[in-house]
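First comes the structure, then the notes that go with it.
Just so it is clear: chains get the letters A, B, ... in the order the sequence lines come, proteins before strands, and each one is counted from 1.
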Number of protein chains: 2
Amino acid sequence: MARSPLTREAVLETAAALVRQHGPAALTMRKLAAELGTAVTSIYWHVGNREQLLDALVERTVQDMGAIRPSGRTPAERIVSVARSMRRELRERPHLIAMVHERGLTDRMFLPAQRALVAEVRAAGLSGARAADAVRAVQFQVVGFVLVERNRERSPVQSPGEGELWEPAAAPGDPALARALARPVDPERLFLLSVRTLTEALLAAG
Amino acid sequence: MARSPLTREAVLETAAALVRQHGPAALTMRKLAAELGTAVTSIYWHVGNREQLLDALVERTVQDMGAIRPSGRTPAERIVSVARSMRRELRERPHLIAMVHERGLTDRMFLPAQRALVAEVRAAGLSGARAADAVRAVQFQVVGFVLVERNRERSPVQSPGEGELWEPAAAPGDPALARALARPVDPERLFLLSVRTLTEALLAAG
DNA sequence: ACCTGAACACCGTTCAAGT
DNA sequence: ACCTGAACACCGTTCAAGT
C-alpha cells in the first residue's frame with residue numbers, strides 16, 4: 001500500500017489500529033512500516049522511536065476521553081452513573097487504557113469525571129478533606145475494579161477455577177454460600193453492588 | 001560462574017531474582033544463561049522455553065503466599081486486617097504478582113484469604129449469595145486498589161500532576177476541598193478508609 | 001524536507017552434534 | 001541424561017546516502 005506521502009497522522013492512525021486489535025506487543029516498527037508501505041526508518045522521522053510513538057498514542061487516548069454526563073435523581077445515583085460511564089469508557093479501549101495507566105496519566109484522563117464526582121459529593125453535603133476522600137475512594141474503586149476485571153477476562157480459564165475449590169464442604173452449614181462462590185463472577189452486577197455500597201456509605205458520613 | 005551441574009531449581013531461583021529486581025522484561029534467556037554461567041540452550045532442557053519458565057515462577061509465587069491470620073475484635077476489624085495482609089503480600093512482590101495476575105491465578109493465590117473472609121462474613125451474620133457478594137466485593141476492592149497503587153508508583157510524575165489541575169478555582173467556595181485534592185494521595189490512608197467503609201456497609205446489610 | 005537500505009546489537013528458539 | 005555452538009527469524013535503532 002505505498003500511497004500518498006507519509007504523515008504523522010497516518011502513522012498514529014495505523015499504529016492505534018494495530019494496538020487496538022492486537023495489543024501493544026504486536027506493534028513492531030517493522031510491521032507498522034509494512035502496513036504503511038514505507039521503510040521502517042521513515043517512521044522515525046515522523047514520530048520518533050517506539051517509545052515516543054506509544055506516548056503519542058497515549059496522549060491521543062487521553063484527549064479522546066469524552067465528557068461525563070451524570071444522570072439520576074440523587075447524588076448517590078449520579079455518582080454511580082458516573083462510575084458506570086468511567087467503566088464503559090475504560091472497557092472500550094482496553095489496550096490503550098492500560099498504556100495510559102502505565103504512564104501514570106489515569107488521573108489526567110479522568111479529570112472530567114473527577115470534576116463530576118466533586119460536584120455530586122458536594123451536592124450530597126460533603127466538604128473539605130472528607131469530600132476529597134470520597135471522590136478518590138470512588139475513583140480508585142472504579143479504576144481498580146476495571147483492572148481486575150480486564151485481567152480476569154484476558155485469562156478466563158482459572159486453573160483450577162474458583163468453582164472446583166468451593167465444594168459445599170468449604171462453607172459448612174451454608175450450601176447456598178458455597179454454590180454462590182462456585183458460580184463465576186458476574187462483573188456487571190458486582191461492580192454495581194460495590195460502587196453503590198461504597199458510595200452510599202461515603203455519602204452517609206456527610 | 002560455571003559451577004555445580006545446572007538444576008531446574010537453580011534456574012528458577014536465578015530467574016526469580018532477576019524478575020524481582022528488574023521486572024519480567026529484564027528476564028532474557030541470554031542474560032539468565034550468562035548469570036548461570038551456562039549456554040542459553042541448557043535452560044531449555046531444564047525448564048522449557050521462556051513462557052514455561054515464567055509459568056513456573058508464577059506457580060512458585062502462588063505456593064509461597066502465606067496463610068492469613070485475621071486479627072481484631074469485630075468481624076469488620078478482622079476483615080480489614082485480612083485486607084491489609086493481602087495488600088502487604090501483594091506489595092512485597094510487585095512484579096511476580098503482576099505475572100500471577102496476568103495468568104488469571106489471582107483467585108487461586110487468594111484462596112486462603114478468601115476462606116478467612118468467608119468465615120468473618122458469616123460471623124457477621126451474612127449468609128448465602130449475600131455473603132458471597134460481600135466476600136467478592138472486598139476481594140476485588142483490595143486487588144484493584146493495589147493494582148492502581150502500583151501503577152501510580154511506577155510513574156510517580158503525573159504530568160501535569162493532579163496538583164496543578166486543582167487550583168482553588170476548581171472547587172468554588174470550598175478551598176479546603178481544593179487543597180485536599182491538590183495534595184498527593186496517601187495510599188495507606190485511602191486504602192484503610194475505602195476498605196473500612198465498604199466492609200462496614202456490606203456487613204450492615206446482614 | 002523526506003525517504004531509503006545497510007548495518008549493528010540485541011532477542012527467542014531449533015537442531016544437530018557432542019559427552 | 002545433560003550441555004554445547006551454529007543458525008534462523010525476528011526485534012529497535014543509527015547513520016550515511018539519496019532525492
Side-chain angles (χ1 to χ4, degrees), chain A residues 1-61 95-96 98-100 102-103 154-155, chain B residues 1-61 95-96 98-100 102-103 154-155:
Chain A
M1 321 223 160
R3 274 292 116 80
S4 50
L6 195 57
T7 154
R8 179 183 165 86
E9 261 326 289
V11 175
L12 292 181
E13 198 73 42
T14 309
L18 278 176
V19 168
R20 205 183 297 266
Q21 291 166 35
H22 307 107
L27 178 63
T28 74
M29 302 301 268
R30 290 172 135 99
K31 272 202 203 105
L32 179 54
E35 198 81 12
L36 289 163
T38 45
V40 204
T41 42
S42 301
I43 298 170
Y44 286 80
W45 199 91
H46 287 284
V47 299
N49 64 18
R50 187 167 183 276
E51 190 60 24
Q52 295 169 303
L53 168 56
L54 292 179
D55 285 347
L57 288 183
V58 162
E59 186 57 37
R60 237 169 178 246
T61 306
H95 297 307
L96 283 170
M99 289 163 55
V100 170
E102 274 164 20
R103 280 163 176 75
R154 225 193 310 177
S155 46
Chain B
M1 318 222 161
R3 274 293 116 79
S4 50
L6 196 56
T7 153
R8 179 183 164 86
E9 263 325 291
V11 175
L12 293 181
E13 199 73 42
T14 308
L18 277 177
V19 169
R20 205 182 297 266
Q21 291 166 35
H22 307 107
L27 178 64
T28 75
M29 301 302 267
R30 291 172 135 97
K31 271 201 203 106
L32 179 54
E35 197 82 11
L36 289 162
T38 45
V40 204
T41 43
S42 301
I43 298 171
Y44 286 79
W45 199 92
H46 286 283
V47 299
N49 63 20
R50 187 167 183 274
E51 191 59 24
Q52 295 169 303
L53 169 55
L54 292 179
D55 285 347
L57 289 183
V58 162
E59 186 57 36
R60 237 170 177 246
T61 306
H95 296 308
L96 283 170
M99 289 163 55
V100 171
E102 274 165 21
R103 280 164 176 75
R154 225 193 309 177
S155 46

Which nucleotide wins on minimum distance to the side chain of B:Leu6, given the candidates D:dC3, D:dG12, C:dG5? D:dC3
Heavy atoms under 4.0 Å, any strand shown: does B:Leu32 hit a base, just sugar-phosphate, or nothing? nothing
Rounded to whole Å, how long is the line connecting atom CZ of B:Arg30 with atom P of D:dG5? 12 Å
Of the candidates D:dT13, D:dC11, D:dA7, the side chain of A:Lys31 sits closest to D:dC11
Atom-to-atom span, OH of B:Tyr44 to C1' of D:dC8 - whole angstrom: 13 Å
Please work out if B:Thr28 contacts a base, only the sugar-phosphate, or nothing of the nucleic acid, heavy-atom cut-off 4.0 Å. sugar-phosphate
Looking only at C:dT13, C:dT4, D:dT13, the nucleotide nearest the A:Ala39 side chain is C:dT4
Where the side chain of A:Arg50 is defined as all heavy atoms beyond and including C-beta, which of C:dT13, D:dT13, C:dC3 is the nearest nucleotide? D:dT13
Applying the Watson-Crick and G-U wobble criteria at under 3.5 Å, what pairs with C:dT19? Answer none if nothing qualifies. D:dA1
To the side chain of B:Trp45, which of D:dC3, D:dT13, C:dG12 is closest? D:dC3
Of the listed D:dG5, C:dG5, D:dG12, the closest approach to the B:Thr41 side chain comes from D:dG5
In Watson-Crick or G-U wobble terms, both distances under 3.5 Å, what is the partner of C:dG12? D:dC8
Which one, C:dT4, C:dT13, D:dC3, comes nearest to the side chain of B:His46? D:dC3
Between B:Arg50 (side chain) and B:Leu27 (backbone), is there a donor-acceptor pair under 3.5 Å? yes
Tell me the interatomic distance from A:Ile43, atom CD1, to C:dC2, atom P, rounded to whole angstroms. 16 Å
Nearest to the side chain of A:Met29 - D:dT13, D:dG5, D:dC15? D:dT13
